Amino acid sequence: MVELPKVYNPKEVEEKIYNLWLKSGYFNPDKLPRRHRKPYTIVIPPPNITGELHMGHALNATVQDILIRWRRLQGYKTLWLPGTDHAGIATQNVVEKELKKEGVSRFDLGREKFIERVWQWKEKYGNLILEQFKKMGCSCDWSRTRFTLDKEYVRAVKTAFLDYYKKGWIYRGKKVINWCPRCQTSLSDLEIEYKEEKGKLWYIKYPLKPKTYNLKPKTYIVVATTRPETMLGDTAVAANPKDKRYKNLVGQITVLPLVNREIPIIADRLVDPKFGTGAVKVTPAHDLQDYEISLRHKLPIIQVIDEKAEMTKEAPLPYQGLKVLEARQKVVEDLKNKNLLLRVEDYLHQIPKCYRCATTIELIPSEQWFLKMAKLAKMAEKPVKKGEIKFHPKSFEKSYFDWLKNIKDWCISRQIWWGHKIPIKNEADVLDYNPPTTRQGDVLDTWFSSALWPFATLGWPKKTKDLKRFYPTAVLSTDRGIINLWVARMVFSGMEFMKKIPFKDVFLHATVLTREGKRMSKSLGTGINPINLIEKYGADATRFGIAWQIMGGQDIRFVEDNIVMGRKFCNKIWNAARFLLMQKPPLINADSVRRFSLIKKNLTPADKKILRALEKTIKSVNGDLENFRFGRAAHTLYDFFWHDFCDVYIEKSKTELSFMKAKVKMRTKFSSPKQKDLKTKKILLYVLLNSLKLLHPFIPFITEEIYQKLPIKNKQRCLMITEWPK
RNA sequence: GGGCUCGUAGCUCAGCGGUUAGAGCGUUGCACUCACAUUGCAAAGGUCACUGGUUCAAAUCCAGUCGAGCCCACCA
């Protein structure tokens with residue numbers, strides 16, 4: 001008979017059990033027993049290969065593994081497809097940082113050598129990430145692991161691009177776009193984060209050009225701006241057509257100070273009369289609204305800021321080559337000297353920053369590739385509106401719709417080196433696709449490729465068996481921060497290329513914050529590596545502690561206390577099993593254990609009570625899991641197991657079991673104490689076994705380890721594929 | 001500027017119209033004999049942010065105030 005150690009030691013169990021699972025092959029849906037028919041798929045949100053996983057990933061991995069293990073037990077043909085994302089700009093940046101320590105830039109290295117370095121990085125961190133998932137107990141099908149830049153994926157991206165292109169939805173054009181001067185690339189609107197900064201609002205006098213020789217020398221129109229340096233590129237001054245103050249001035253000409261360019265005063269509805277003086281300077285090259293105005297009024301576009309955020313040759317000589325902030329200072333000084341600066345106010349405004357390196361974004365005109373969004377936005381909207389795709393919590397659907405409603409065309413080209421090369425050189429010819437190491441020219445926005453994830457990972461554009469069986473996927477579990485960046489784009493990509501939704505449910509999990517409510521980040525030193533927790537408490541304890549805290553809020557302030565609870569709970573389970581095994585229960589047929597029920601005769605009130613409590617727990621846990629209430633399910637299981645089972649039933653059973661018979665009063669309705677003893681042991685085993693099943697999705701290692709030791713005839717190879725209690 | 005979420009025990013969070021408001025962790029006291037001291041038993045600890053309203057009844061619904069966070073937005 002098996003004897004368990006007094007204290008559960010995860011270190012002795014986890015690796016062994018994980019190997020047992022791997023050897024069984026059951027992570028792979030093709031190798032599941034015949035009972036598992038109906039497919040249930042989750043594709044993992046592929047982590048960026050920028051570094052190791054953090055608590056947010058740990059939470060999401062826990063959520064997905066709970067769902068997958070639960071469905072597998074229910075008899076689904078479960079596929080959890082793992083993988084990683086090349087994460088264009090983000091990964092390029094971390095490798096550049098690494099190079100910087102060696103005193104080299106990516107330009108010193110050259111494109112080819114640099115890409116080689118990134119692949120080395122990918123080898124290291126890509127594998128590290130997958131190892132972390134394994135340590136957490138994730139039951140992914142590793143034979144189907146994908147990377148957003150692997151060979152087949154390259155083909156998928158190319159196919160998608162050409163599909164759009166042939167439809168005329170992809171076009172090349174020069175527009176004012178977001179430009180990161182540090183990353184040296186364009187960015188989409190979603191890749192910008194606004195940060196509040198204290199600035200100034202400068203009121204500048206623009207002298208009017210006299211209409212006739214009746215000079216009125218001191219006549220000016222005053223404009224307000226937060227960016228005086230851009231005035232060097234002004235090609236008009238504008239006021240709202242309804243603004244009476246400027247009625248007489250519209251149509252006149254001003255002479256742009258410092259430049260001496262004659263520019264018109266125009267009327268445009270985009271101008272807000274309430275802001276500043278009601279008259280604005282129009283800089284079409286460096287402001288989106290001004291760009292729009294310029295198109296309407298056919299104004300020239302003069303680019304005075306270049307890709308390095310320095311003043312161009314279009315600016316007057318004294319400013320050329322100055323950095324934006326230097327130019328700003330000089331412009332202000334020069335205006336002051338010419339007595340053209342009316343006044344200065346403090347002004348709090350939102351500065352656009354690069355979401356990957358926090359450098360201030362410049363708006364500059366640039367030749368880029370765009371994807372038309374009008375039809376795609378509608379395609380993304382429809383299935384959510386119709387309820388075919390459900391968001392949990394539902395409130396997030398609003399921000400999804402809002403974004404789709406006033407969407408602009410998506411700038412999909414990036415001027416970085418790490419990514420999918422744009423498969424067309426110009427609008428005229430379609431080029432063959434080169435392998436990533438020898439590419440030239442622009443690459444695609446990394447989100448263009450991740451948008452294809454739910455079907456590209458299953459073999460698309462080939463019509464594979466996997467694609468037929470496992471698409472659409474069941475649930476997408478992800479962070480609310482990428483609803484538009486990723487989720488929306490997967491939806492329209494799925495509709496466009498598969499004609500089917502990519503997933504039915506979108507579970508937006510909470511964001512994991514530090515105890516103080518700060519964002520977990522490596523650079524701030526606030527990050528927690530889940531591996532450290534696993535080392536300290538075990539994977540099950542870590543998972544249970546995390547699940548315990550998933551209560552539906554937007555944020556979770558992570559506290560280790562819950563992991564401590566998880567460890568204690570695991571120990572409790574361990575010892576309950578230990579107790580049972582110490583009673584030397586007879587070998588019991590698995591079927592008879594499975595079918596134990598209230599119908600059975602000779603049950604004591606305590607027996608009935610625990611069996612009823614178990615039934616209630618099963619129902620409640622099922623309901624919770626159906627509705628993504630992981631924390632509640634964890635609490636229910638905890639209460640049932642610790643209190644109903646251990647505190648009450650096991651304690652009571654001690655007076656029933658024969659080893660205690662000296663203290664027990666015989667009850668006449670049993671023919672013998674031995675029979676009573678057997679019945680109690682059966683119930684203990686029955687409740688324990690079902691508890692193990694219910695707990696398995698949350699704490700797979702310990703439950704599997706105990707299952708392996710239980711005295712059951714006709715035992716399955718793994719608890720993982722036994723039947724979920726109904 | 002628009003939208004969303006949240007302010008409940010020392011800490012992290014449940015409860016979301018109806019008996020003395022709960023859990024985990026922490027704290028205090030007692031108890032190691034036969035599953036477990038990663039345990040058991042007992043206890044302390046809360047004007048449920050504030051103000052007003054609806055109701056027989058409000059932590060729970062409504063309005064407003066204050067505080068925290070997130071998302072969206074071309075106001076120079």
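Quantities reported herein were computed from a predicted structural model and do not represent experimental measurements. Note on naming: letters A, B, ... go to the chains in the order of the sequence lines (proteins, then strands), and numbering restarts at 1 for each one. Atom set for the values below is all heavy atoms of this structure, side chains included, hydrogens, waters and symmetry mates excluded.
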Review point. If you write RNA chain B from 5' to 3' in dot-bracket form, with Watson-Crick or G-U pairs under 3.5 Å, [ ] for crossing pairs and | for pairs with another strand, what do you get?
Key: (((((((..((((....[...)))).(((((.......))))).....(((((..]....))))))))))))....
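Among the heavy atoms of the strands lying under 4.0 Å from A/R567 is at least one base atom, whether or not backbone atoms are also near. Among the heavy atoms of the strands, none lies under 4.0 Å from A/R632. Across all strands shown, A/Q350 has heavy atoms under 4.0 Å from base atoms, whether or not it also approaches the sugar-phosphate. Counting non-hydrogen atoms under 4.0 angstrom, A/D287 reaches nothing in the nucleic acid. Within the 4.0 angstrom heavy-atom criterion, no nucleotide atom of any strand lies near A/C570. Among the heavy atoms of the strands lying under 4.0 Å from A/Y347 are primed sugar atoms or P, OP1, OP2 only; no base atom is included. No engagement by A/R227 is indicated, since no non-hydrogen atom pair under 4.0 Å with the nucleic acid exists.
In terms of position on RNA chain B, the residue among A/K6 and A/D189 whose nearest nucleotide sits closer to the 5' end is A/K6.
Identified under the salt bridge (charged side-chain N to carboxylate O under 4.0 Å, His left out) test for residues 477-486 of chain A, with sequence neighbours left out: A/R480-A/D555. Identified under the salt bridge (charged side-chain N to carboxylate O under 4.0 Å, His left out) test for residues 564-577 of chain A, with sequence neighbours left out: none. Applying the salt bridge (charged side-chain N to carboxylate O under 4.0 Å, His left out) rule to pairs touching residues 233-244 of chain A yields A/D234-A/K281, A/D243-A/R245, sequence neighbours excluded. Judged as a salt bridge (charged side-chain N to carboxylate O under 4.0 Å, His left out), the pairs with a partner in residues 290-299 of chain A (not counting sequence neighbours) are, in order, A/D268-A/R296.
Scanning atom types as modelled, one donor and one acceptor separated by under 3.5 angstrom connect the side chain of A/K572 and the base of B/rC36. Checked by distance alone, A/E651 brings a side-chain donor or acceptor within 3.5 Å of a matching partner on the base of B/rA35.
Taking A/F630 as the reference, A/F507 meet the ring-ring contact (aromatic ring centres under 6.0 Å, His included) condition, with sequence neighbours excluded. A search for ring-ring contact (aromatic ring centres under 6.0 Å, His included) contacts involving A/Y638 returns A/W548, A/F569, A/W642, not counting sequence neighbours. Listed by chain and number, the residues in a ring-ring contact (aromatic ring centres under 6.0 Å, His included) with A/F641 are A/F645 (sequence neighbours excluded). In this view, A/Y246 satisfies the ring-ring contact (aromatic ring centres under 6.0 Å, His included) rule with no residue, not counting sequence neighbours.
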Atom pairs under 3.5 Å: protein N/O with N/O of nucleotides 59-63 of chain B:
none

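Within residues 537-546 of chain A, no residue approaches RNA chain B, by heavy-atom distance under 4.0 Å.
For B/rC71, the OP1/OP2 oxygens have no side-chain nitrogen or oxygen of A/K398 closer than 4.0 Å.
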Exercise for review: Quick one, give me the B/S/- string for nucleotides 22-31 of chain B, reading 5' to 3', where B means a protein heavy atom under 4.0 Å from the base and S means that only happens at the primed atoms, P, OP1 or OP2.
Suggested key: -SSBS-----
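Looking only at distances, a side-chain donor or acceptor of A/N60 sits under 3.5 Å from a matching main-chain atom of A/S477.
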